[in-house]
Structures are given as C-alpha cells and as structure tokens.
Amino acid sequence: MPDDDADDWFEEHIDVLIAALAALREERADALHGVTLFVSVTDRDASESNENRSAAELNPPELSGLFLARYAG
C-alpha cells in the first residue's frame, strides 16, 4: 500500500471513529455532560492534531477549549 493510500485509509478511519463518538454524544448527551470525547492514536506523528480535531468536533466549546489549551503554559 503506497504511503498516500495508507494516509487516506488512516484518515478515513479517524473520521469513522469521530462519527461513532458523535453518535454516542448525541444519544447519551445527558450522561456525557462534562465529559471530553476525543480520538487518540499514539503510533502516529499526527496524534496530537487528530486529538485536537476530534475534540473540537465532538465537544461543546467549554470542553473543547480546555482540551485544546491542555499544553499551553
């Protein structure tokens, strides 16, 4: 599998994971109040950017903002 195909495959799977968590957030909003959802895959250089993208897409601003600022001084 060429690198471009592997990258496309990986991104598609990240999108599927985000969609699954979005469905969970929608179905269980009350139970997940105050819970930050995100996708993490630690064997990639882009793990932090995937975490940030998924957190921004999956959470209300008050949660995603705290998550996105987690490494700020």
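Along the sequence shown, the residues carry numbers beginning at 1.
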So with a 6.0 Å cut-off around CG of Asp43, is the heavy-atom count from everything else above 12? yes

Point-to-point distance, once rounded to the nearest 0.5 Å, from CG of Leu58 to CD of Glu26: 12.0 Å

Arg70 vs Glu51 side-chain heavy atoms within contact, under 4.5 Å: yes

Are Leu21 and Leu17 in one and the same hydrophobic cluster, where Ile, Leu, Val, Met, Phe, Trp and Tyr link if side-chain heavy atoms are under 4.5 Å apart? yes

Treating Ile, Leu, Val, Met, Phe, Trp and Tyr as nodes and any side-chain heavy-atom pair under 4.5 angstrom as an edge, say whether Val41 and Val16 lie in one connected cluster. no

Do Asn50 and Val39 have side chains that get closer than 4.5 Å, going by heavy atoms? no

Using the rule given for side chain to side chain contact (heavy atoms under 4.5 Å, CB included), can you reason through His33 versus Leu63, listing the C-alpha separation, both sets of side-chain angles and the distance that settles it, and then say yes or no? CA-CA 10 Å; His33 178 76; Leu63 290 177; over 6 Å; no

For Ala55 and Ser64, the nearest pair of non-hydrogen atoms, with its separation, is O-CB, 3.5 Å

For Phe67 and Asn52: C-alpha separation, side-chain torsions, deciding distance, then whether side chain to side chain contact (heavy atoms under 4.5 Å, CB included) applies. CA-CA 8 Å; Phe67 185 86; Asn52 290 345; 3.9 Å; yes

Pair Glu48, Arg53 - check salt bridge (charged side-chain N to carboxylate O under 4.0 Å, His left out), show working. CA-CA 9 Å; Glu48 186 177 344; Arg53 178 172 71 97; over 6 Å; no

Could you tell me whether Arg25 and Glu57 make a salt bridge, using a distance below 4.0 angstrom between a side-chain N and a carboxylate O? no

Given the rule that I, L, V, M, F, W and Y join up when any side-chain heavy atoms are under 4.5 Å apart, are Leu24 and Val35 in one cluster? yes

